[in-house]
Amino acid sequence: MSQLKVLQSHSGCQLQDLGRRHVAAVGLTEGGVADVTAAVMANILSGNAPTAAVLEISLGGFQLEALGEVQIAVTGAVLLLTINGKPQARYQRLQLSTGDVLTLGYAKRGLRAYVAVRGGFSTPLAFGSASTVLREQLGGVTGQALQAGECLEVNPSEANQSMLDLRSVGYQWQPKFLSTQRLQWVAGGQIDQFDPAAVAAFTQQWYQVTPQSDRMGYRLRGQGLTLPLGSSNRLLSEGICLGAIQLPPDGQPIVLLPDHQTIGGYPKIGALTRDAVNILSQCRAGTLVQFQQITIEQAQSQRRQHWQWLLSGAYLI
Amino acid sequence: MRHHVGQAGSASPIQFHYDANDKDIRVTVSAEAKWQKTMPQIRRAGEQALFLDIAEVPSPEALSALLQLEQQIRLQFSSVLLDVVPAYVSIMLVYDVLQLTEAELIADLLPLCQHWLAQPLNLQNGRKLQLPCYYHTDIGPDLARVAALHQLSCDEVIRLHQQQRYLVYCIGFAPGFAYLGFVDPRLATPRLSQPRALVPAGAVGIADQQTAVYPAASPGGWNLIGNCPIPLFDPAKRPMMPFAVGDSIEFVAISKAEFISLGGDISAKVQAAR
């Protein structure tokens, strides 16, 4: 069995898949990759099922050594990728032989890179998922981030002849990581308690990603949105869904990401679409975002189409 | 914001209001008609999640009805549900959008809700559990202060805390952290103005009208009156927690020796806020 040995790592380097199900009732979060598009592309490039676990490298600064022949692909954030010091292409299937050292430099645009290996990782699952949630000490190899010296077992796989010619993702399908982004969202939560004119104004404004943003949630700064005077800001705690747009008393929005708490008591106006979460999770502090409301029909239809497109590999060349 | 709600097992029903500075519910007693089921309100959470709102304010009847509905939903929709989060008076469903749309899910939920509406309430449908608690000022650093605040003796606080059955209204914030409601109004005490940096695992606390057991060491702002030696969350066990939303808990005082023999850590100490 081939292995990947971690040489250099940090707390932002974690094994992730598409998250945990049926655990919220005990207070465990769903977790999972922050950018599904990048993670699935890395898997499809590697010849894996879309749901295979990948290495999520936030900010960059990660190094591993191949022990055995492996094929890998790195997607997501723009960073310097090298094998034994020689620059390599992201969004391409690459071959590593025993002793080859893969290095991911620091992210220059975007925030999170994804490393998939053909065959996937054979780490044991915690509640059906390999996803790492540090505060719960679940997932990964030992419930922690990837540790230097750790060896990750790679499942054996057969060479897939039909795959061999399609090794890259066309440039037009690779993310551009703009400094301004529009985030699609659907209305929900306690939106009826907000003044419609105030919500309309909210969607015209630009909000800045603050440094107080992580896998639990992104804190945004801008003009703010509050309930009408005389409303209570507190409501009974209820479930929090991925992408929920929460408005605490100070009016500065918090968008919940995969490691969100399972319940909360601040008012919400709805939630980002999954794809908007993918986009937001790659936004660095300082990025300006604008909320663009769409209907639930549009959101769900887009989501289905996007998923089918990701699985199709239509973007491979 | 005041809401009147129906009977809660006693002759005098419960009135709630929300403290603007606190997440918890303050409970006082007033007079009202019996709570009845109404058609749940369905409200969107997001692209793949919905809420069902069962009642305006929490009560044992509403919680029992919520549990009944949750069980039926889990059974009927098991093939499309990704998660279910019951809390106080709502159930959030996370569903697989690749299998069905929001409109389809709502259409399928309506007959289930109508069926549920017609069913009588079953107040016995949660499990009843007992949790041992070692009550002592050594291990519950706020016990004397809570007593003094309410002009009670420590023994009276301990008696009042044990004398009722608490319902599990919500589980969250941390794995295994269950919000239990509601304590005798004579015990209701606001949270510490500054949470402690460290509260030991098993700590039994009161915050306003709710009580809880910290499943693991963590920061915490609840008023600590004792410690429960039974582990309340173990990811290696099935089930991971001994109770779920809708179950009820009774605390039973144990001695220091019993506490130690049940695995309690007698030396566990809190750390004040820095």
Side-chain angles (χ1 to χ4, degrees), chain A residues 19-30 126-127 135-138 143 184-192 231-245 249 261-266 268 270-277 294 296-297 299-304 307-308, chain B residues 1 16-25 43-51 53 56-58 70 74 78 81-94 96-103 169-179 215-216 218 233 235 239-241 244-245:
Chain A
R20 242 160 231 116
R21 302 289 164 233
H22 306 296
V23 290
V26 295
L28 291 175
T29 192
E30 57 184 299
F127 308 109
R135 71 170 184 280
E136 294 171 355
Q137 295 172 15
L138 278 186
Q184 293 188 326
W185 65 289
V186 291
Q190 284 73 36
I191 195 168
D192 294 339
S231 309
S232 167
N233 262 311
R234 301 297 173 148
L235 47 98
L236 284 170
S237 289
E238 58 182 19
I240 288 181
C241 69
L242 178 68
I245 303 164
Q261 285 175 331
T262 53
I263 60 160
Y266 289 131
K268 300 173 279 293
L272 294 194
T273 63
R274 174 75 238 202
D275 203 44
V277 170
I294 61 172
I296 187 69
E297 292 81 9
Q300 293 189 330
S301 153
Q302 272 170 210
R303 185 181 183 135
R304 254 175 250 120
W307 182 253
Q308 278 154 19
Chain B
M1 211 193 327
F16 297 86
H17 80 262
Y18 308 130
D19 185 314
N21 292 318
D22 194 279
K23 284 181 190 175
D24 287 330
I25 306 113
R43 171 172 55 97
R44 183 179 311 128
E47 185 188 66
Q48 59 167 14
L50 284 182
F51 290 108
D53 298 321
E56 289 252 321
V57 286
E70 186 207 351
R74 280 184 189 271
S78 59
L81 288 176
L82 303 179
D83 222 325
V84 178
V85 191
Y88 294 106
V89 296
S90 72
I91 303 172
M92 187 178 80
L93 306 180
V94 185
D96 185 359
V97 169
L98 299 180
Q99 290 192 57
L100 80 175
T101 64
E102 182 186 84
Y169 277 97
C170 184
I171 294 172
F173 284 113
F177 191 98
Y179 289 79
S218 75
F233 177 75
M240 288 179 259
M241 287 183 70
V245 168

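So you know, we letter chains A, B, ... as the sequences are listed, proteins then strands, and number each from 1.
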Roughly how far apart are A/Gln190 CD and B/Phe51 CZ, rounded to 0.5 Å? 6.5 Å

Determine whether B/Tyr88 and A/Glu238 make a side-chain contact, defined as any pair of heavy atoms from C-beta on separated by less than 4.5 Å. no

Measure distances from B/Ser90 to the heavy atoms of chain A and classify the residue's part below 4.5 Å as side chain, backbone, both or neither. side chain

Which residue out of A/Glu297, A/Arg21, A/Gln308, A/Gln300 racks up the most heavy-atom pairs below 4.5 Å with chain B? A/Gln300

Out of B/Ala216, B/Ala45, B/Ala174, return the one with the most heavy atom pairs under 4.5 angstrom to chain A. B/Ala45

Straight-line distance of A/His22 NE2 to B/Ser78 OG, nearest 0.5 Å: 8.5 Å

A/Arg274/B/Glu47 salt bridge by N-O under 4.0 Å criterion: no

Rounded to the nearest 0.5 Å, what separation is found between the CD1 atom of B/Ile171 and the CG atom of A/Leu28? 10.5 Å

Residue part contacting chain A, namely of B/Phe233, when any heavy atom lies under 4.5 Å: side chain

Can you tell which part of A/Ala25 gets under 4.5 Å to a heavy atom of chain B, answering side chain, backbone, both or neither? both

Atom of A/Val186, atom of B/Gly46 and distance for their closest heavy-atom approach: CG2-C, 3.8 Å

Using salt bridge (charged side-chain N to carboxylate O under 4.0 Å, His left out) as the criterion, list what pairs up with A/Glu136, not counting sequence neighbours. none

Are more than 12 heavy atoms from other residues, nucleotides or ligands located less than 6.0 Å from atom CD of A/Gln261? yes

Working to the nearest 0.5 Å, report the span between CG of B/Leu82 and CZ of A/Arg20. 14.5 Å

Proximity breakdown for B/Leu93 and chain A, heavy-atom pairs closer than 4.5 Å: neither

Do B/Tyr179 and A/Ile263 have side-chain heavy atoms sitting under 4.5 Å apart? yes

List the steps and the verdict of side chain to side chain contact (heavy atoms under 4.5 Å, CB included) for A/Arg303 and B/Gln48. CA-CA 10 Å; A/Arg303 185 181 183 135; B/Gln48 59 167 14; 3.2 Å; yes

Check side-chain contact (heavy atoms from CB on, under 4.5 Å) between A/Ala24 and all other residues, then give those that pass, not counting sequence neighbours. A/Thr262, B/Asp83, B/Val85

Quick check: does any side chain N or O of A/Arg304 sit under 3.5 Å from a backbone N or O of B/Val97, one acting as donor and the other as acceptor? yes

Sub-3.5 Å donor-acceptor pair from the side chain of B/Arg43 to the main-chain atoms of A/Gly189, do we have one? yes

What's the verdict on side chain to side chain contact (heavy atoms under 4.5 Å, CB included) for A/Ile240 and B/Met92, showing C-alpha distance, side-chain angles and the deciding distance? CA-CA 8 Å; A/Ile240 288 181; B/Met92 187 178 80; 5.7 Å; no

Chain A contact via B/Ala49 - side chain, backbone, both or neither, heavy atoms under 4.5 Å: side chain

Let's test your reading of the structure: which of B/Ala178, B/Ala87, B/Pro239 forms the most heavy-atom pairs below 4.5 Å with chain A? B/Ala87

